[in-house]
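What follows is a short report on a single structure.
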Amino acid sequence: MIGFIGLSHLGINSSVAVASKGFATLGHDGDASLCSQLNEGQFPIFEPGLKELFELSRKNIEFTSRPDSLAKCKLVYFSFDVPTNSKNESDISTVREMIEQSISHLLPGTVFVILSQVPPGFCRSLLPLTEANGITLCYQVETLVFGSAVQRATKPERYIVGLQYPQKPLPAIFHELLKAFDCPISTYEI
């Protein structure tokens with residue numbers, strides 16, 4: 001099962017895109033009301049094609065506010081939209097806090113992919129935490145654009161992925177998921 005933590009614009013579009021490829025998908029957010037609405041196909045955002053893609057993929061996706069449900073996921077994306085202020089400065093402290101809480105619900109061996117837009121060095125700073133919990137950390141560059149997010153999520157031009165050891169192959173489950181989107185994959189060191 002593929003998990004997504006954070007169900008704002010990024011998490012909703014990305015999770016539905018993954019479900020559309022036939023993967024069992026779990027979307028998690030602490031807002032139980034939001035999860036209930038999403039399970040009913042009621043979205044707090046509008047993106048062309050999102051509702052239709054959800055209807056086609058409904059059997060593959062579920063939304064929950066229960067963080068313990070993440071333990072059944074072998075690959076988990078952190079897909080929280082990073083808050084920014086009026087000067088376009090990001091508040092990474094909230095993101096770090098959410099990641100630390102989330103990791104406590106994952107099993108050793110889980111692949112944890114940061115999809116949120118974070119500054120250079122952020123993922124590297126998480127390595128002691130993920131390694132201590134037996135979790136493989138990766139980063140995937142996020143390329144969604146408002147108004148064409150479904151198109152970009154389902155038909156990406158390429159994937160750019162950060163790995164601790166880019167000379168090694170991608171973790172098998174992560175590779176399987178990315179290959180389902182049939183586009184080039186570039187790797188670099190986080």
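Of the possible polar contacts, one joining the Arg152 side chain to the Thr143 backbone as a donor-acceptor pair under 3.5 Å is found. Of the possible donor and acceptor atoms, none in the side chain of Asp81 sits under 3.5 Å from a partner among the backbone N and O of Ser8. Here the side chain of Thr25 pairs no donor or acceptor atom with the backbone of Ile2 at under 3.5 angstrom. Put simply, the side chain of Thr187 never gets that close to the backbone of Gly162: no donor and acceptor are under 3.5 Å apart. In this structure a side-chain-to-backbone donor-acceptor pair under 3.5 Å is present from Ser125 to Phe122. A donor-acceptor pair under 3.5 Å is absent between the side-chain atoms of Ser36 and the main chain of Ser33, judged by distance alone.
Scanning all heavy atoms of the two residues, the minimum distance from Val16 to Ser57 falls at O-OG, 4.1 Å. Shortest non-hydrogen contact noted between Gly41 and Phe54 is CA-CE2, 3.5 Å. Listed here is the closest heavy atom pair of Cys73 and Leu26: SG-CD2, 3.9 Å. The minimum heavy-atom distance between Leu75 and Thr110, with the atom names listed, is N-CG2, 4.5 Å. Closest heavy-atom contact between Gly22 and Asn60: CA-ND2, 3.6 Å.
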Intermediate values then yes/no, side-chain contact (heavy atoms from CB on, under 4.5 Å), Asn13 and Ile45: CA-CA 10 Å; Asn13 283 286; Ile45 58 169; 3.5 Å; yes

Run the side-chain contact (heavy atoms from CB on, under 4.5 Å) test on Val18 and Phe181 for me, step by step, so that the C-alpha distance in whole Å, both residues' side-chain angles and the decisive distance to 0.1 Å come before the verdict. CA-CA 9 Å; Val18 165; Phe181 288 87; 4.3 Å; yes

Criterion side-chain contact (heavy atoms from CB on, under 4.5 Å) on Phe80 and Ile99, from CA distance to verdict: CA-CA 10 Å; Phe80 180 73; Ile99 288 171; over 6 Å; no

Could you check Val145 against Gln151 for side-chain contact (heavy atoms from CB on, under 4.5 Å), going step by step and ending with a plain yes or no? CA-CA 9 Å; Val145 174; Gln151 173 72 19; over 6 Å; no

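In the hydrophobic cluster analysis, where Ile, Leu, Val, Met, Phe, Trp and Tyr join through side-chain heavy atoms closer than 4.5 angstrom, Phe23 is grouped apart from Leu56. Placement of Leu115 and Val95 in two distinct hydrophobic clusters is found when ILVMFWY residues are connected by side-chain heavy-atom separations under 4.5 Å, directly or transitively. One hydrophobic cluster holds both Leu38 and Val150 under the rule that ILVMFWY side chains link at heavy-atom gaps under 4.5 Å. Note on Leu10: it clusters hydrophobically with Leu178, by side-chain heavy-atom contacts below 4.5 Å among ILVMFWY residues. Put simply, Leu7 and Met1 are part of two different groups of oily side chains (I, L, V, M, F, W, Y) that touch within less than 4.5 Å, one to the next.
Atom CD of Gln167 sits in a crowded spot, with more than 12 heavy atoms from other residues, nucleotides or ligands closer than 6.0 Å. The number of heavy-atom neighbours closer than 6.0 Å to CG of Asp68, taken from other residues, nucleotides and ligands shown, is above 12.
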Contacts under 3.5 angstrom, residues 131-142 side chains, donor-acceptor by atom type, not counting sequence neighbours:
from: Glu131; atom 1: OE2; to: Gln164; atom 2: NE2; distance (Å): 2.8
from: Asn133; atom 1: ND2; to: Leu129; atom 2: O; distance (Å): 2.8
from: Tyr139; atom 1: OH; to: Ser116; atom 2: O; distance (Å): 3.4
from: Gln140; atom 1: OE1; to: Tyr77; atom 2: OH; distance (Å): 2.8
from: Glu142; atom 1: OE1; to: Gln117; atom 2: NE2; distance (Å): 2.7
from: Glu142; atom 1: OE2; to: Leu144; atom 2: N; distance (Å): 2.7

Would you tabulate the side-chain donor-acceptor contacts of residues 169-177 under 3.5 Å, counting partners in other chains and residues two or more places apart, or write 'none'?
none

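Here OG of Ser102 is found 3.5 Å from CD1 of Ile5. Values are rounded to the nearest 0.5 Å. The NE2 atom of His28 sits 12.5 Å away from the CZ atom of Phe63 when rounded to the nearest 0.5 Å. Distance check: Phe112 CZ to Thr130 OG1 gives 9.0 Å after rounding to the nearest 0.5 Å. Note that NZ of Lys21 is 13.0 Å distant from NZ of Lys179, once rounded to the nearest 0.5 Å.
A side chain to side chain contact (heavy atoms under 4.5 Å, CB included) with Val76 is found for one member of Leu107, Leu106, Val113 and no other, namely Leu106.
Sorted by first and then second residue, the salt bridge (Lys or Arg N to Asp or Glu O under 4.0 Å) pairs with a member in residues 37-56 read Glu55-Arg58; sequence neighbours excluded.
Taking 4.5 Å as the limit, every side-chain heavy atom of Arg124 sits out of range of all side-chain heavy atoms of Ile190.
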